[in-house]
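Comments concern the structure below.
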Amino acid sequence: MDFENDLNPAQHQAVTAAGGPILVIAGAGSGKTRTIVYRLARLVQQGVDPASILLLTFTRKAAQEMLSRASLLLGHGGDILPGVCGGTFHAFAYAALRRHHQALGFPQGFTVIDRADADELIGRIKDDLGLGKGDKSFPKKTHVAELIGKSRNKECRVADIISRESFHLLPHADDLERLADGYAAAKAAHHLMDYDDLLFLLERLLVEHEDVREFYRQRFTHIMVDEYQDTNRVQARLITLLAPHTGNVMAVGDDAQSIYAFRGATVDNILAFPRLFPGTAIIKLEQNYRSTQPILELTNAILQNAGEKYDKTLFSTRTDGPKPELLRPFSDITQARMAVAKIREMARKWPLHEIAVLFRAGYQSYALEVELGKANIPFQKYGGIKFSEAAHIKDVLAYPRVVANPLDPAAWTRCLSTVPKVGPKTAHKLMEAVRLGDQAAIDKAAHKHPQLAGLFAFLDALRAMPPQPGPILERVIAHHTPHLMEKYPDDYPRRLTGLEQLQQIASGYSSLDALLADMTLESPDEDKRKAREDHLVLSTVHSSKGLEWSAVLLLDLVDERFPSRHALTRDEDLEEERRLLYVACTRARDYLGLCVPETLYNRQAGVCSPVQASLFVRELPASLCTMVRESLSGRPVPQSDSPAFAPPRPLSGSAAAPPSGPIPACEPANPKTDPSLLGYCRHKVFGRGKIIARLEGGKCRVNFPGFGPKVILADYLEMEG
DNA sequence: AGGGCGACGCTTTTT
DNA sequence: GCGTCGCCCT
């Protein structure tokens with residue numbers, strides 16, 4: 001290892017810093033991973049036992065990547081550095097809780113439930129409490145689950161979350177609190193834990209059991225935490241519990257890339273770190289090795305318009321390269337066509353896996369996925385539906401779940417639903433009968449549903465087997481295949497392949513509990529299952545965190561989509577959207593294309609309505625990108641002189657761009673119709689409000705405090721200021 | 001009580 | 001394009 005030559009001075013300092021707390025502020029593309037990898041390798045080289053290193057990352061994939069790169073540096077070949085404990089906070093918490101579950105009053109262990117299971121449980125409690133019956137204003141179970149999750153992650157009452165961001169639900173605040181309590185009680189009664197419980201229970205374990213705390217403090221003498229800007233409060237407390245104040249803790253993060261505030265992450269953790277760990281060495285990595293200078297100029301400009309100032313300006317040694325392109329398809333429908341043309345063009349220069357298409361939300365790639373299918377371009381989608389979330393996988397895993405935890409309601413419902421004429425209601429009654437040992441009720445039900453006896457016999461047989469995942473899954477799949485064929489007559493072959501993959505995965509585990517927990521905590525790697533072919537990457541911006549590509553295309557950069565329209569009312573939400581765009585653009589090494597459709601297809605009306613370019617795009621100086629319009633043939637046509645962002649025009653307009661200056665420089669001729677003005681206004685009935693969008697036909701969407709968003713003709717509004 | 005069917009509404013991001 | 005809800009029949 002050549003530390004002097006492989007690292008720049010700041011990286012070198014971070015890698016070779018002696019023990020004690022270290023905070024590394026690592027700008028996008030500044031060699032953060034390289035720094036962590038080299039430090040890992042150096043620690044091991046200096047004789048630190050790998051087993052005493054704890055590496056906490058955002059995904060297990062990231063941990064594995066770092067460990068295998070460090071192994072390579074140490075000359076261990078591609079093998080993962082043996083002994084190092086690496087993974088997510090949640091996976092680490094699960095392992096610790098499993099080891100010490102008796103101490104917490106879970107003598108028989110517990111089951112980790114995912115979001116869908118939690119939703120279902122909440123739905124049942126909602127029904128039990130008789131909430132929302134015939135009341136359309138009562139939130140749906142998924143929304144309730146979201147509120148409860150938020151309140152726990154932000155560590156405040158459900159009522160506080162409601163009054164801060166969903167004030168229309170205030171009338172239901174008391175009922176929602178009751179629902180949250182009921183949910184917590186049901187989890188305890190059935191030995192279930194959701195994602196949040198894992199963290200809070202680990203905290204309780206470490207606080208209440210000094211011996212356990214000391215065990216971990218002695219076991220892990222070196223702790224490294226990646227993506228520290230996206231940790232929440234309980235995660236920060238866990239670090240202080242795991243490490244003494246003078247401990248060897250290295251936190252790495254970038255406040256400008258914080259994109260998980262919505263689930264309780266707080267950049268305050270970065271600011272507070274030096275206070276919690278006195279004597280922290282603070283090291284900043286600012287040189288960018290990833291992107292060309294023109295791309296960095298654009299990303300720097302995005303941050304410059306942020307309300308909160310980030311004291312960083314990335315600089316690159318890569319001065320070459322084209323400016324980012326601003327692609328203007330006619331609509332979000334033709335955007336897919338234009339993107340495919342662009343991807344074809346780029347595929348001449350780079351392999352497909354070096355090209356990525358990013359978007360704000362999963363559904364925004366549907367149209368593109370269809371076009372890619374037509375064009376025969378292979379792709380892999382990140383951040384979409386996960387392997388373990390597919391219905392048939394969950395169905396099959398339900399059997400071993402019942403074996404592992406006979407109180408798991410979601411698992412029982414799935415198993416019992418394979419019996420004809422048994423649905424959620426009967427399943428619940430039966431589960432209660434099993435729990436209470438009510439043999440009479442079971443016999444009665446077995447008489448009514450003849451196939452029930454077979455299912456119970458099968459489950460008993462499973463319980464009698466040694467708890468080895470491989471053989472158990474083999475039997476379960478054999479048992480379940482007829483049901484699968486019945487349930488999915490059209491595509492059961494595809495799903496059967498998925499089950500075979502599951503069988504493969506399962507045989508790699510020695511403990512059933514570990515398999516089940518991993519399936520809910522961390523879905524298996526996509527690329528392990530897919531043939532190693534060259535494919536384009538589609539991803540949500542959130543899932544693209546920490547990754548990079550030679551070429552990046554960004555879809556739907558229009559108001560209401562990016563920033564998401566849910567983020568328009570609160571300032572801090574809008575700021576998070578800005579950082580999200582920053583993360584997206586800093587993924588690109590050589591080429592960055594921003595797609596700004598001129599219209600959006602409106603399904604109800606069946607027409608394309610003009611939209612504005614995203615607020616963030618409108619703010620950018622026109623000189624930072626090149627504009628490319630879609631020609632009528634669908635091929636991209638570069639514009640000779642690139643006026644920045646034309647106001648939206650109807651499709652009927654000529655294909656040639658009307659002469660128009662950049663919006664930022666637009667003169668405010670008529671404040672009522674000027675589409676760039678999104679300030680405050682007054683309305684005779686609703687009072688003061690904030691204009692959040694300009695619509696066609698001289699209308700605006702205005703958010704009135706106390707009334708919510710309304711669409712109003714601009715003529716009825718009086719502009720303020 | 002289950003299951004099929006049509007209407008509706010909504011659609012952020014993830015461990 | 002999806003899940004969810006209510007209605008109606010079995």
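Just so it is clear, the values below take in all heavy atoms, side chains as well, and ignore hydrogens, waters and symmetry mates. Numbers restart at 1 for each chain; the letters A, B, ... are given by sequence-line order, proteins then strands.
Counting to the nearest Å, the P atom of B:dT14 and the CG atom of A:Leu198 are 19 Å from each other. The distance from atom CZ of A:Phe89 to atom P of B:dT14 is 19 Å, rounded to the nearest whole Å. Distance CG (A:Asp127) to P (C:dT4): 13 Å, rounded to an integer number of Å. Remark: P of B:dC10 and CD of A:Glu146 are 14 Å apart, rounded to the nearest angstrom. Going from atom CD of A:Gln257 over to atom P of B:dT13 covers 20 Å, rounded to whole Å. What separates CZ of A:Phe359 from P of B:dT11 is a distance of 19 Å, to the nearest Å. Atom CG of A:Asp230 and atom P of B:dT13 are 16 Å apart (whole Å). Atom CG in A:Leu581 sits roughly 14 Å away from atom C1' in B:dT13 (whole-Å rounding).
Across C:dC5 and B:dT12, the matching C1' atoms stand 23 Å from one another, rounded to whole Å. Annotation: B:dT13 and C:dT4 have their P atoms spaced 15 Å apart (nearest Å).
For A:Lys140, the side-chain atoms get nearest to C:dC5 when compared with the rest of B:dT12, B:dT15, C:dC5. Nearest to the side chain of A:Arg360, among C:dT4, B:dT15, B:dT12, sits B:dT12. The side chain of A:Arg565 lies closest to B:dT11 when the candidates are B:dT15, B:dT13, B:dT11.
Regarding contacts with the backbone of B:dT14, a side-chain N or O of A:Ser543 is found under 4.0 angstrom from either OP1 or OP2. Regarding contacts with the backbone of B:dT14, a side-chain N or O of A:Thr540 is found under 4.0 angstrom from either OP1 or OP2.
Taking each heavy atom of A:Ala514 and A:Tyr94 in turn, the nearest pair found is N-OH, 4.3 Å.
Between A:Tyr260 and A:Phe58, the angle of the ring planes lies from 30° to 60°, which puts this pair in the tilted group. Between A:Phe110 and A:Phe106, the ring planes lie perpendicular to each other; the angle is over 60°, past the 30° to 60° tilted range.
To the nearest 0.5 Å, atoms CZ (A:Phe220) and CG (A:Leu242) are separated by 8.0 Å. The CD atom of A:Glu203 lies 4.0 Å from the CZ atom of A:Arg237; values are rounded to the nearest 0.5 Å.
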Below 3.5 Å between N/O atoms, which protein atoms pair up with nucleotides 2-8 of chain B? Just atom names and distances, please.
residue, atom, partner, partner atom, Å
B:dG2, OP1, A:Gly423, N, 3.0
B:dG2, OP1, A:Thr426, N, 3.0
B:dG2, OP1, A:Thr426, OG1, 2.5
B:dG3, OP1, A:Lys421, N, 3.4

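A:Tyr363 comes within contact range of no nucleotide atom at all, as no heavy-atom separation falls under 4.0 Å.
Using a 4.0 Å cut-off between a side-chain N of Lys or Arg and a carboxylate O of Asp or Glu, A:Arg152 and A:Asp197 qualify as a salt bridge. Remark: A:Asp114 engages A:Lys394 in a salt bridge, criterion side-chain N to carboxylate O under 4.0 Å. The pair A:Lys32-A:Asp254 does not meet the salt-bridge criterion, since no charged nitrogen lies less than 4.0 angstrom from a carboxylate oxygen.
Two residues, A:Lys429 and A:Ser564, neighbour DNA chain B, and the one matched to the more 5' nucleotide by heavy-atom proximity is A:Lys429.
The aromatic ring of A:Phe262 sits over the base of B:dT13, with ring centres less than 5.5 Å apart and planes tilted by under 30°. B:dT14 has no stacking from A:His542 on its base ring, since the centres under 5.5 angstrom apart and planes within 30 degrees of parallel are not both found.
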